[in-house]
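Here's the structure, in structure tokens; my notes come after.
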There are 2 protein chains.
Amino acid sequence: MTYALALQCLGDPMRRRLFEKLRAGSASVGVLAKGLPVSRPAVSQHLKALKRAGLVKDRPEGTRRVYFIDPEGLGPLRVWLDQFWDRALESFKQEVGKTAGRGPRRTP
Amino acid sequence: MTYALALQCLGDPMRRRLFEKLRAGSASVGVLAKGLPVSRPAVSQHLKALKRAGLVKDRPEGTRRVYFIDPEGLGPLRVWLDQFWDRALESFKQEVGKTAGRGPRRTP
DNA sequence: ACTTACCGTAAGTCATGACTTACGCACTGG
DNA sequence: CCAGTGCGTAAGTCATGACTTACGGTAAGT
């Protein structure tokens, strides 16, 4: 059920940019805030959401907090996605044939 | 770049429920609307968004429109996700060790 | 041709949530 | 011990978007 939070989090463009920044490696809040067109508190709030979704972890480092991606957080999302690939792909094959078959009544 | 639309779409709970319903197979708008706590036009609008994101396709069938999942729509999302698994996983291993290492000054 | 079923779009309402500024707390260095 | 730095939270504002009802358009049955 935790994939829901992950999706809802990554659905936001700003949070996605934040998450993608962290892909390059760990970074503090201040560093992340620079390079983004929003205030530092906004970044804090986004990081809080990402943390709640299990997508990132943080570690205190002196007076600052360093955030980094938790790969395990993407696990449930990956599993959820695979459920569609398997199940939906076979259904899809049955559909594509029909797409030009039974349309509205042909009126020549 | 299309993974952005997919994420933004699936970020919405109602759209997710809709998408998961379609996993069981194709269905018309009216059928989908029943079983969801929203009006039929709302479902139409959600389906429009899903279609724009390339996640579903539709086919006319008489007076109704049948929607079904397009597995290819999930492709970009999958690719995007993998980029994190590969890249972030190695970064993560370097981080976990530090998590208890350099904290705030120990004050015994 | 007329009615009925099914759907998409338009227009308007309302709540969610993304942002801001202001504040208080924890840690570090002089 | 006293600034200064870095951060999280609170409170308030404002736009986005998710929903509604109303309408028009297409296809099928009689």
Side-chain angles (χ1 to χ4, degrees), chain A residues 4-19 21-22 26-53 55-68 98 100-108, chain B residues 4-19 21-22 26-53 55-68 98 100-108:
Chain A
L5 277 150
L7 275 173
Q8 193 158 4
C9 259
L10 297 175
D12 182 73
M14 196 60 68
R15 251 173 336 235
R16 220 165 29 232
R17 285 181 65 176
L18 204 46
F19 194 64
K21 267 187 177 298
L22 286 176
S26 61
S28 68
V29 180
V31 169
L32 290 170
K34 268 192 266 290
L36 287 182
V38 292
S39 67
R40 186 194 49 75
V43 173
S44 264
Q45 293 165 5
H46 282 309
L47 287 170
K48 183 179 180 180
L50 287 169
K51 186 177 174 181
R52 209 169 79 88
L55 292 170
V56 302
K57 289 192 179 303
D58 62 326
R59 142 178 55 102
E61 186 161 320
T63 168
R64 60 196 100 194
R65 291 197 87 80
V66 174
Y67 284 82
F68 51 95
K98 307 174 186 171
R102 26 166 141 161
R105 182 203 282 162
R106 302 277 173 262
T107 54
Chain B
L5 277 149
L7 275 173
Q8 193 159 4
C9 260
L10 297 175
D12 182 71
M14 196 61 68
R15 245 160 355 221
R16 220 167 26 234
R17 285 181 65 176
L18 204 47
F19 194 63
K21 266 186 177 301
L22 285 176
S26 62
S28 68
V29 180
V31 170
L32 290 170
K34 270 191 265 289
L36 286 182
V38 292
S39 69
R40 185 193 50 75
V43 172
S44 262
Q45 292 165 7
H46 282 310
L47 287 170
K48 183 179 180 181
L50 287 168
K51 186 177 175 182
R52 210 171 77 88
L55 292 170
V56 302
K57 289 193 178 306
D58 63 325
R59 144 177 55 101
E61 186 160 321
T63 169
R64 60 197 99 195
R65 288 196 89 78
V66 174
Y67 284 82
F68 51 94
K98 305 175 188 171
R102 26 167 143 159
R105 184 205 281 161
R106 301 281 172 261
T107 53

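Letters A, B, ... are given to chains in the order of the sequence lines, protein chains preceding strands, and every chain is numbered from 1. Quick note: numbers below take in every heavy atom, side chains included, and nothing from hydrogens, waters or symmetry partners. Quick caveat: nothing in here was measured; it's all calculated off a predicted structure.
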### Task
Tell me whether the OP1 or OP2 atom of D/dC19 has a side-chain N or O from B/Ser39 closer than 4.0 Å.
no

### Message
Less than 4.0 angstrom between a side-chain N/O of A/His46 and OP1 or OP2 of C/dC19, yes or no?
### Response
yes

Let me know the distance between [atom1] of [X] and [atom2] of [N], rounded to the nearest Å.
X       : N      : atom1 : atom2 : result
A/Met14 : D/dA15 : CE    : P     : 16 Å
B/Arg17 : D/dC19 : CZ    : P     : 10 Å
B/Leu36 : C/dC7  : CG    : C1'   : 16 Å
B/Asp12 : C/dA18 : CG    : P     : 12 Å
A/Arg16 : C/dA18 : CZ    : C1'   : 14 Å
B/Arg59 : C/dG8  : CZ    : P     : 14 Å
B/Glu61 : C/dA5  : CD    : P     : 19 Å

Pairs of donor and acceptor atoms involving the side chains of residues 4-19 of chain B, under 3.5 Å and at least two apart or interchain, shall be tabulated with distances.
| residue | atom | partner | partner atom | Å |
| --- | --- | --- | --- | --- |
| B/Asp12 | OD2 | B/Met14 | N | 3.2 |
| B/Asp12 | OD2 | B/Arg15 | N | 3.0 |
| B/Arg15 | NE | B/Cys9 | O | 3.0 |
| B/Arg16 | NH1 | B/Leu10 | O | 2.8 |
| B/Arg16 | NH1 | B/Gly11 | O | 3.4 |

[atom1]/[X] to [atom2]/[Y] distance, rounded to the nearest 0.5 angstrom?
X       : Y       : atom1 : atom2 : value
A/Glu61 : A/Arg59 : CD    : CZ    : 5.0 Å
A/Leu22 : A/Leu55 : CG    : CG    : 10.5 Å
B/Lys34 : B/Leu32 : NZ    : CG    : 10.5 Å

### Query
Any side-chain heavy-atom pair from A/Lys21 and A/Leu36 closer than 4.5 angstrom?
yes

### Query
What pairs with B/Ser44 under side-chain contact (heavy atoms from CB on, under 4.5 Å), at least two apart in sequence or on another chain?
B/Val29, B/Arg40

### Query
Got a sec, which residues hit side-chain contact (heavy atoms from CB on, under 4.5 Å) with B/Ser39, two or more places apart in sequence or on another chain?
B/Pro41, B/Ala42

### Message
Suppose we screen for salt bridge (charged side-chain N to carboxylate O under 4.0 Å, His left out). Which residues come up paired with B/Lys51, at least two apart in sequence or across chains?
### Response
B/Asp58

### Message
According to ring pair (Phe, Tyr, Trp, His ring centres under 6.0 Å), who are the partners of A/Tyr67, at least two apart in sequence or on a separate chain?
### Response
none

### Message
Let me test you: for the helix from C/dA1-D/dT30 to C/dG30-D/dC1, what is the angle between the axes at its two ends (five pairs each), rounded to 10 degrees?
### Response
30°

### Message
Output one letter per nucleotide in nucleotides 2-9 of chain D: B when a protein non-hydrogen atom lies under 4.0 Å from the base, S when only the sugar-phosphate is that close, - when neither is.
### Response
---BSBBB

